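Below you'll find the structure, written out as structure tokens, and then a few comments.
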Amino acid sequence: MIRKTRLFTPGPTPLLPAAQFAMAAADIHHRTAEFRALYSRVLAQLKEFVGTKNDVIILSSSGTGAMEAAVSNLTSPGDRVLVLTAGKFGERWTALGKAFGCAVDVVSAPYGQTFSIDAVKAALKLETRAVFMQATETSTGVRHCVPAVAKLLKDSHSEALLVVDAITGLGTSRLDMDGWGVDVLIGGSQKAVMIPPGLSYLAVSERAWDRMEATYNPRYYFDLRKERKNAKNGESAYTPAVALIAALGAALDYIAAQADGNLAEGRNKLIENAETIAAMTRSACLAMGMRLFAPDAPSAAATAVLPPEGFTSTQFVKAIRARFAAIITDGQGEMKGQIFRIAHLGYFDYLDTVALIGALEQVAVQDLKLPGVEFGTALIAAQKVYAERGATAAADSRCFCGRTDACCSLQHEDFGAGEVKLYT
Ligand SMILES: *Cc1c(COP(=O)(O)O)cnc(C)c1O
């Protein structure tokens with residue numbers, strides 16, 4: 001049979017056709033009025049997409065470049081910083097902090113779990129200058145509770161800046177940067193915004209801009225203050241990835257069009273889309289007798305699944321690719337063979353979802369002969385979730401961290417009525 005190559009990976013994600021057309025047509029010079037109009041428009045749209053009044057900076061780099069920029073611009077050698085980690089991307093913060101001479105304290109949780117707020121509280125010191133974390137840890141499929149950490153910093157009158165890698169959190173999680181008091185929120189192009197790799201972006205609070213006046217770690221290409229100055233004139237400091245910026249504009253237009261031109265509402269619909277697909281995927285995998293790797297706080301960005309006893313995740317990844325040319329991802333590093341991951345962020349719809357679940361079912365029944373699984377087992381579960389969520393999505397009462405029970409140690413009502421609406 002014909003096999004169409006399809007990405008189900010948590011970056012890069014499937015490309016939006018309108019964005020691809022915009023890229024092909026982006027034959028413009030970056031020091032022209034035409035580009036300045038485009039860049040200014042995209043920067044303004046990004047603010048709405050992120051949901052902040054803070055300035056947003058775009059960098060021509062993959063997501064890690066923006067992570068590095070956050071560390072190099074906000075710290076000085078010898079600064080004490082705190083990294084909250086439960087996976088490969090959390091570990092990247094630790095490596096970056098060390099690379100820039102910081103004294104790095106670490107709160108870690110086992111892979112598949114999120115850290116307790118009490119542990120964060122215990123590790124926070126008076127001299128902690130910055131806290132680095134993920135909104136969603138893509139390597140394990142877990143969602144961390146950003147508002148709980150933000151609240152802790154606020155309540156303890158900490159001077160630490162809160163820097164959040166939301167590279168797969170944006171477009172999959174409700175994030176209220178300004179309301180919670182997040183200082184830097186980082187995104188990447190090859191994730192929920194449906195365009196190729198090559199751009200990262202950061203929303204930066206005034207507190208963080210002030211900090212940059214005093215910090216002195218080396219930086220040149222990723223000098224955020226220089227980029228901010230240029231952005232005010234609709235330009236970037238160096239030659240930007242013009243075609244990707246055109247693509248980003250088209251993608252944000254598409255997201256806005258999901259809600260009659262209201263970009264913030266369109267983003268919320270994108271989040272709900274990812275939540276529904278994630279819920280369908282979880283129930284399909286559970287129905288086939290598999291377990292979730294991050295059952296307590298699953299992210300809507302990607303689902304990490306433990307293969308049944310006696311099988312490796314690599315068998316699933318290879319069979320899905322060989323038979324259907326669909327790409328799901330194996331575990332990263334030492335998790336290879338132990339979990340497979342399916343992405344939900346960005347340009348995935350209902351049909352993509354049932355197709356992949358059908359493919360998983362084929363592999364489970366025909367190739368791996370999983371006991372207790374027959375045709376329909378997974379699809380019935382997913383179909384039911386889809387049917388139910390249509391009716392209940394608006395009334396979803398889960399907390400930010402995806403839990404249905406009382407989440408972490410945080411009472412979300414603490415934020416005050418109307419201040420933070422986590423799932424409305
Ligand atoms: C994809 C991703 C990154 C960035 O990785 P790059 O390969 O540099 O784009 C960082 N953090 C998380 C959580 C990610 O999912």
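Values in this document were obtained by computation on a predicted structure and should not be read as measured data. Indexing begins at 1, ligand by ligand and atom by atom, following the structure's order.
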Considering heavy atoms of the protein only, find what lies nearest to [atom] and give residue, atom and distance to 0.1 Å.
atom                    : value
atom 6 (P) of ligand 1  : S62 OG, 3.4 Å
atom 3 (C) of ligand 1  : F89 CE2, 3.5 Å
atom 2 (C) of ligand 1  : K191 NZ, 2.8 Å
atom 9 (O) of ligand 1  : Q190 NE2, 2.7 Å
atom 13 (C) of ligand 1 : T138 OG1, 3.1 Å

Q) Got an N/O contact under 3.5 Å between G63 and ligand 1? A)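 Looking only at distances, the answer is yes, because the N/O contact criterion of under 3.5 Å is met.
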Q: May I ask you to check whether E137 has an N/O atom sitting below 3.5 Å from an N/O atom of ligand 1?
A: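 Between E137 and ligand 1, no N or O pair is found under 3.5 Å apart.
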(Q) Between T353 and T281, is the side chain to side chain contact (heavy atoms under 4.5 Å, CB included) condition met? List the steps. (A) CA-CA 8 Å; T353 309; T281 306; 4.3 Å; yes
Q.
If the cut-off is 4.0 Å to any non-hydrogen atom of T64, which atoms of ligand 1 fall inside it?
A.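 With T64 as reference, the close atoms of ligand 1 come out as 4 (C), 5 (O), 6 (P), 8 (O).
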Q: Mind running side chain to side chain contact (heavy atoms under 4.5 Å, CB included) on H344 and T172 for me, showing each step along the way?
A: CA-CA 8 Å; H344 321 302; T172 67; over 6 Å; no
Q.
Check for me whether R92 has a heavy atom closer than 4.0 Å to any atom of ligand 1.
A.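 Per 4.0 Å heavy-atom rule, R92 contacts ligand 1.
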Q | Close approach of T136 to ligand 1, heavy atoms, under 4.0 angstrom | A |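 Yes, that is the case, since the closest heavy atom of the residue is under 4.0 Å from the ligand.
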Q: Work out which heavy atom in L270 is nearest to a heavy atom in M194; give both atom names and the distance.
A: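 In this case the closest contact between L270 and M194 is CD1-CE, 3.6 Å.
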(Q) Can you list everything that forms a side chain to side chain donor-acceptor pair (under 3.5 Å) with Q383? Sequence neighbours excluded, please. (A)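 Only Y350 meet the side chain to side chain donor-acceptor pair (under 3.5 Å) criterion with Q383.
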Q: State which residue, out of R389, R174, R267, fulfils the salt bridge (charged side-chain N to carboxylate O under 4.0 Å, His left out) condition with E272.
A: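 Among the candidates, only R389 passes.
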Q | Passing candidate, salt bridge (charged side-chain N to carboxylate O under 4.0 Å, His left out) with D330, options K336, R341, K318 | A |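 Answer after filtering K336, R341, K318: K336.
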Q | Side chain, backbone, both or neither: the part of D165 lying under 4.0 Å from ligand 1 by heavy atom | A |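 The answer is the side chain of D165.
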Output a table of donor-acceptor pairs, distance under 3.5 Å, between side-chain atoms of residues 23-31 and any protein atom two or more places apart or on a different chain; print 'none' if there are none.
residue : atom : partner : partner atom : Å
H29     : ND1  : R31     : N            : 2.9
R31     : NH1  : E235    : OE1          : 2.7
R31     : NH1  : S236    : O            : 2.8
R31     : NH2  : S236    : O            : 3.3
R31     : NH2  : A237    : O            : 3.2

Q) For Y111, is the NZ or CZ atom of K88 found under 6.0 angstrom from the centre of its six-membered ring and inside 45 degrees of the ring axis? A)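 Not satisfied by the 6.0 Å and 45° rule.
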